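Contents: one structure, followed by commentary.
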Amino acid sequence: MIKLRGHHLFCLLGYRGVGYSEEYAATMTAVHEALRNKPDTLIQVVKGPDHLCAKFPDDQPYHCEETGIYVRDKEILKRLGLTYSDVLPWREVERRIRLQVKPDDIAVICETCSWREYGVCEEGVQRTIEAKGLLPLGADPSVNARLLK
Ligand code: SF4
C-alpha cells in the first residue's frame, strides 16, 4: 500500500520524471510506475507528509508542513470525496478525478505551485478524464524539454 497526501494524487498525473532532486524523482518514479502498471494498487490517504515528502531534499526550503500545502491537500480530497485514512485502489482515484475534476481546477487549487507553469498537471487531468491513465515516462520528449530547460 502506498501512502499519499491529497495533493500528491494530482502531482502524479503531471509527473514526467523530473523532481526536486534525483532521490525525490527516483521515489516519485517508483510510485508513478507502480500505479501506472498496476492501477489496482491500493493507496492510503494520509494527513501531512507522506512517502514522497520523506525524500524532499535537505538543501531546499521544506514546504511540506506549510499551511497552504495542507489547504491544498484538503481541497483536493474534498473534490474527490475522500478523507484521511481512506484506502482505495488508484483506479478509483482516477475514476473520481474523471468525474469531479477539470484541467482548469489546477490553476485555482495549485495557484502557488512552482510546477504549475509547465502545464503538465492540466495535461495529466485531461488524460485522466479521457481514461488514458498515467503517461509513460519519456513518452513525450517535448514535455521533458519544457521541464528541463
Ligand atoms: S501544480 Fe504543483 S501541486 Fe498542483 S498537481 Fe501540479 S505539481 Fe502538484
Side-chain angles (χ1 to χ4, degrees), residues 2-36 39 41 43-57 59-84 86 88 90-149:
I2 299 171
K3 293 179 191 284
L4 293 170
R5 65 189 300 168
H7 80 275
H8 282 156
L9 302 176
F10 277 15
C11 301
L12 282 158
L13 308 180
Y15 181 63
R16 300 293 179 261
V18 179
Y20 293 105
S21 68
E22 267 185 39
E23 189 187 18
Y24 185 93
T27 307
M28 191 87 169
T29 293
V31 171
H32 183 275
E33 290 304 273
L35 300 177
R36 190 176 72 77
T41 299
I43 66 117
Q44 181 172 40
V45 178
V46 297
K47 185 174 187 176
D50 62 5
H51 190 63
L52 295 170
C53 298
K55 302 297 178 185
F56 196 88
D59 61 352
Q60 294 183 38
Y62 185 71
H63 63 226
C64 308
E65 291 277 20
E66 285 177 9
T67 305
I69 302 293
Y70 279 89
V71 170
R72 190 177 298 157
D73 288 335
K74 209 169 161 186
E75 178 57 29
I76 288 170
L77 295 179
K78 194 169 118 193
R79 289 294 178 99
L80 301 181
L82 294 172
T83 192
Y84 306 121
D86 281 352
L88 68 166
W90 175 252
R91 188 187 296 286
E92 173 61 14
V93 174
E94 290 186 321
R95 190 188 73 82
R96 290 175 186 225
I97 291 170
R98 190 152 62 240
L99 296 176
Q100 283 141 230
V101 183
K102 302 186 301 300
D104 288 353
D105 292 339
I106 293 288
V108 180
I109 299 172
C110 305
E111 190 186 357
T112 57
C113 178
S114 58
W115 295 94
R116 189 170 63 81
E117 63 178 290
Y118 303 108
V120 287
C121 302
E122 284 90 339
E123 289 168 12
V125 171
Q126 185 59 42
R127 275 187 69 84
T128 308
I129 290 169
E130 294 169 10
K132 290 180 174 172
L134 295 173
L135 184 71
L137 298 178
D140 182 351
S142 74
V143 167
N144 282 355
R146 236 186 293 163
L147 287 166
L148 294 168
K149 72 179 181 210

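Every heavy atom of this structure was used, including side-chain atoms; hydrogens, water molecules and symmetry mates were not. Ligands are counted one by one from 1 in listed order, and the atoms in each one are counted from 1 as well. Bear in mind that the values here come from a model prediction, so they are computed numbers and not experimental data.
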Closest protein heavy atom (residue, atom, distance) for [atom]:
| atom | result |
| --- | --- |
| atom 1 (S) of ligand 1 | Cys110 CB, 3.4 Å |
| atom 8 (Fe) of ligand 1 | Cys11 SG, 2.2 Å |
| atom 3 (S) of ligand 1 | Arg72 NH1, 3.5 Å |
| atom 6 (Fe) of ligand 1 | Cys121 SG, 2.3 Å |

Tell me whether Cys113 has at least one N, O or S atom under 2.8 Å from atom 6 (Fe) of ligand 1.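 Within the cut-off used here (under 2.8 Å), Cys113 places no N, O or S atom near atom 6 (Fe) of ligand 1.
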Over all atoms of both residues, closest heavy-atom pair of Gly19 and Tyr24: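 Residues Gly19 and Tyr24, closest heavy atoms: CA-CD2, 4.3 Å.
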Residue pair Tyr62 / Cys53: nearest heavy atoms and the distance that separates them: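 Heavy atoms of Tyr62 and Cys53 come nearest at CE1-O, 4.2 Å.
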Assess, by modelled atom type and distance only, whether the side chains of Trp115 and Tyr15 contain a donor and an acceptor separated by less than 3.5 Å.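 Absent: no donor and acceptor within the cut-off.
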Do Gln126 and Glu122 have a side chain donor and acceptor closer than 3.5 Å?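 No - no donor-acceptor pair under 3.5 Å links their side chains.
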Under-4.0 Å salt bridge between Glu92 and Arg95: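 Counted as a salt bridge, because a side-chain N and a carboxylate O are separated by less than 4.0 Å.
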May I ask you to list the atoms of ligand 1 that are less than 4.0 angstrom from any heavy atom of Trp115?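 Answer, ordered by atom number: 7 (S).
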Using a strict cut-off of 4.0 Å, indicate which atoms of ligand 1 neighbour a heavy atom of Phe10.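 The atoms of ligand 1 under 4.0 Å from a heavy atom of Phe10 are 5 (S).
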From OG1 (Thr41) to CH2 (Trp90), nearest 0.5 Å: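 Atom-to-atom, Thr41:OG1 and Trp90:CH2 are 10.5 Å apart.
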